[in-house]
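Please read the structure below before turning to the comments.
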Amino acid sequence: MDWQKVLAERNTRMKASEIRELLKLLDQPEIISFAGGIPDPALFPTQAFADAMQATLTGPASGGALQYSVSEGYRPLRDWIAGQMADIGVPCDADNILITSGSQQALDYLGKLFLDPDDTALVTWPTYMGALGAFNAYQPRYERLDPHSNRPVEALAEAAAEAGGRVKFAYLSADFANPTGETLDRAGREALLDMAESLDIAVIEDAAYQVLRYDGAPVAPILALELARKGDLEACRTIYCGSFSKVLSPGLRVGWVVAAKPVIARLVLMKQAADLHSPTLNQIATDHVARAIFPEHVARLRSVYAARRDAMLAALAQHMPEGVRWTKPEGGMFVWMTLPEGMDGAELLAQSLKTEKVAFVPGRAFFADGSNGNTLRLAFSCADEAMIAEGMKRLGRLIRAHHSNATPLSVNVTAASVQ
């Protein structure tokens, strides 16, 4: 059978994740990998989860852990999340919260909720490639989101109308963004809210890394700033997506959405159609572990990852040749590098895997238009200080040699705008 004849058109927009493919390299012991933006498994709270699973699967309540459950999610876990949200300036109740199978599922649902073909999604440039993957199936067009820009909002609306759709939402990770590691300042967050009001669009705040701050002053979440303006969560247009994946366990796939109740109600309908509910056992175990160890576990992660961030920044300063630029994140897991013009991150990776045995993610995949090939992402979360020092030494040596021998590429390559 020719399957292409019966597939929906949306399948033409769905592409394999470069990161998923690069994660296969982690099984090769000779590779020093800065590719996967994943937590270090050595830091997982394994014993805490073992105790939680044991407690969950014994006693009279054990049957419920293996049974169907409500689509909204395990109520005690939603109550705990509500407490955490209140601590960061977003008082809410459990009915404002939906548990999802990781924040990635939330992005897919939100794309489905808002996007018709040819509608416009505003995204940062670069942006999280998983978000592009989630939204692409719903056939949007993309415009650059820059809250500090002076571009008139009318121009965004007119461009969307000319393409046959409307601007529907702005998506961003405001804290320690994937891939750049950058944080949007408070003025930028306030400007984004002003823009969203003018365009009458939703704001999707991806907060996967928010608790992983190592230095600098915290900035209030976008949802907290909007709530301070409006005084009522039900009047807010910001949708907050959280996750336990970067802090407790990515394998259990437990994330959440906080939003006005009409939005949650729509997302619940999608959840019922997709998978009924996220795994009950995983939610109960996550609730046990979060209540038992969350503050001290997060403190441990901050200490370890901050040392690795510092090691990477020091090694970059020592080994990178002139003409290479990189971000200096206050938290998260990533450093974003801009190579000299004329160099291509994908070509550099191919050479690196052959000769230096260092892996990273080429930057082009993070741009909705496939531009800015002279960029790359480095993740420091899974490499110790010795690996970081050796890896940056090898990468700097390769960039120096590659740049000195480089000829102009046939592809359109421009310098990344890393602010």
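Values reported hereafter were calculated over all heavy atoms of this structure, with side chains retained and with hydrogens, waters and symmetry mates removed.
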- Item | With sequence neighbours excluded, residues passing side-chain hydrogen bond (donor to acceptor under 3.5 Å, both in side chains) with Asp310 | none
- Are side-chain N/O atoms of Glu330 and Thr183 paired as donor and acceptor at under 3.5 Å? no
- Correct closest heavy-atom pair for Phe176 and Leu212 would be CE1-O, 3.6 Å
- Member of Phe169, Tyr128, Tyr142, Tyr109 meeting the ring-ring contact (aromatic ring centres under 6.0 Å, His included) criterion with Phe135: Phe169
- Partner set under side-chain contact (heavy atoms from CB on, under 4.5 Å) for Ala170, not counting sequence neighbours: Leu122, Leu145, Leu192, Ile201
- Query: So which heavy atom on Ala134 is nearest to which on Gln104, and how close?
  - Reply: CB-NE2, 3.8 Å
- Between Gly188 and Pro147 the two heavy atoms that sit nearest each other are O-CB, 3.2 Å
- Task: In sequence, state the C-alpha distance, the side-chain angles, and the governing distance for His319 and Arg397, and then conclude on side-chain contact (heavy atoms from CB on, under 4.5 Å).
- Result: CA-CA 7 Å; His319 296 295; Arg397 179 171 63 205; over 6 Å; no
- For Thr124 and Leu184, run side-chain contact (heavy atoms from CB on, under 4.5 Å): C-alpha distance rounded to whole Å, both residues' side-chain angles, the deciding distance at 0.1 Å, then the answer. CA-CA 11 Å; Thr124 50; Leu184 182 65; over 6 Å; no
- Query: Shortest non-hydrogen contact from Leu248 to Phe49?
  - Reply: O-CE1, 3.9 Å
- Task: Check whether any side-chain N or O of Arg308 sits under 3.5 Å from a backbone N or O of Phe380 as a donor-acceptor pair, and report yes or no.
- Result: no
- Task: Kindly give the heavy-atom pair with the smallest separation between Pro39 and Cys382, and that separation in Å.
- Result: O-SG, 3.4 Å
- Message: Determine whether a donor-acceptor pair (N or O, by modelled atom type, separation under 3.5 Å) exists between the side chain of Glu234 and the backbone of Lys261.
- Response: yes
- Message: Strictly distance-based, threshold 3.5 Å: is any side-chain N or O of Arg302 a donor or acceptor partner for the main-chain N or O of Val211?
- Response: yes
- Message: Can you confirm whether Glu296 is buried at CD, in the sense that more than 12 heavy atoms of other residues, nucleotides or ligands lie under 6.0 Å from that atom?
- Response: yes
- How about Arg186: does its CZ atom have over 12 heavy atoms from other parts shown lying under 6.0 Å from it? no
- Message: Test your reading of the model: is there a side-chain donor-acceptor pair from Thr327 to the backbone of Thr180, 3.5 Å cut-off?
- Response: yes
- Where do Lys168 and Asp116 land on the side-chain contact (heavy atoms from CB on, under 4.5 Å) test, with the steps shown first? CA-CA 9 Å; Lys168 289 295 186 66; Asp116 289 316; 3.8 Å; yes
- Note on the structure: Which of Asn96, Leu98, Asp93, Ile99 passes side chain to side chain contact (heavy atoms under 4.5 Å, CB included) with Arg78? Answer is Ile99
- Message: I'd like to know if the side chain of Tyr138 reaches the main chain of Phe114, judged simply by a donor and an acceptor atom lying under 3.5 Å from each other, with no hydrogens or angles considered.
- Response: no
- Message: Given 3.5 Å as the limit, does a donor-acceptor pair link the side chain of Arg266 with the main chain of Leu113, or not?
- Response: no
- Query: Does Arg141 use its side chain to pair, donor to acceptor, with the backbone of Asp118 at less than 3.5 Å?
  - Reply: no
- Query: Among all residues two or more places apart in sequence or in another chain, which pass the side-chain hydrogen bond (donor to acceptor under 3.5 Å, both in side chains) test with Arg75?
  - Reply: Asp79
- Message: Can you tell me if Arg394 has over 12 outside heavy atoms packed within less than 6.0 Å of its CZ?
- Response: yes
- Message: Donor-acceptor pair, distance only, cut-off 3.5 Å: does the side chain of Ser278 make one with the backbone of Ser101?
- Response: yes
- Would a 4.5 Å heavy-atom cut-off, applied to side chains only, mark Val335 and Pro329 as touching? yes
- Between the main-chain N or O of Gln67 and the side-chain N or O of Thr280, is there a donor-acceptor pair closer than 3.5 Å? yes
- With a 3.5 Å cut-off and no angle check, do the side chains of His148 and Asp185 form a donor-acceptor pair? yes
- In chain order, what residues pass the side-chain contact (heavy atoms from CB on, under 4.5 Å) check against Met53, with sequence neighbours excluded? Leu252, Leu281, Asn282, Ala285
- Applying side chain to side chain donor-acceptor pair (under 3.5 Å), run through Asp206 and Tyr171 and close with a yes or a no. CA-CA 7 Å; Asp206 188 340; Tyr171 164 83; 2.6 Å; yes
- Listed once per pair and sorted, the ring pair (Phe, Tyr, Trp, His ring centres under 6.0 Å) pairs that draw on residues 198-238, sequence neighbours left out: Tyr209-Phe334
- Message: Check this for me: Lys230, atom NZ, are more than 12 non-hydrogen atoms of other residues, nucleotides or ligands nearer than 6.0 Å?
- Response: yes
- Task: Kindly give the heavy-atom pair with the smallest separation between Ala383 and Ile388, and that separation in Å.
- Result: O-CD1, 3.4 Å
- Check whether any side-chain N or O of Ser71 sits under 3.5 Å from a backbone N or O of Leu276 as a donor-acceptor pair, and report yes or no. yes
- Task: Could you tell me how the ring of Trp80 sits relative to the ring of Phe294: parallel (under 30°), tilted (30 to 60°) or perpendicular (over 60°)?
- Result: perpendicular
- Message: Go through it in stages, so that I can follow the logic: the residues are Leu395 and Leu378, the test is side-chain contact (heavy atoms from CB on, under 4.5 Å), and I'd like the CA-CA distance, side-chain angles, deciding distance and then a yes or no.
- Response: CA-CA 11 Å; Leu395 185 58; Leu378 300 167; 4.0 Å; yes
- Query: Within a strict 4.5 Å, meaning less than it, do heavy atoms of the Val257 and Thr100 side chains meet?
  - Reply: yes
- Message: Using the side-chain hydrogen bond (donor to acceptor under 3.5 Å, both in side chains) criterion, which residues pair with Gln283? Sequence neighbours excluded.
- Response: none
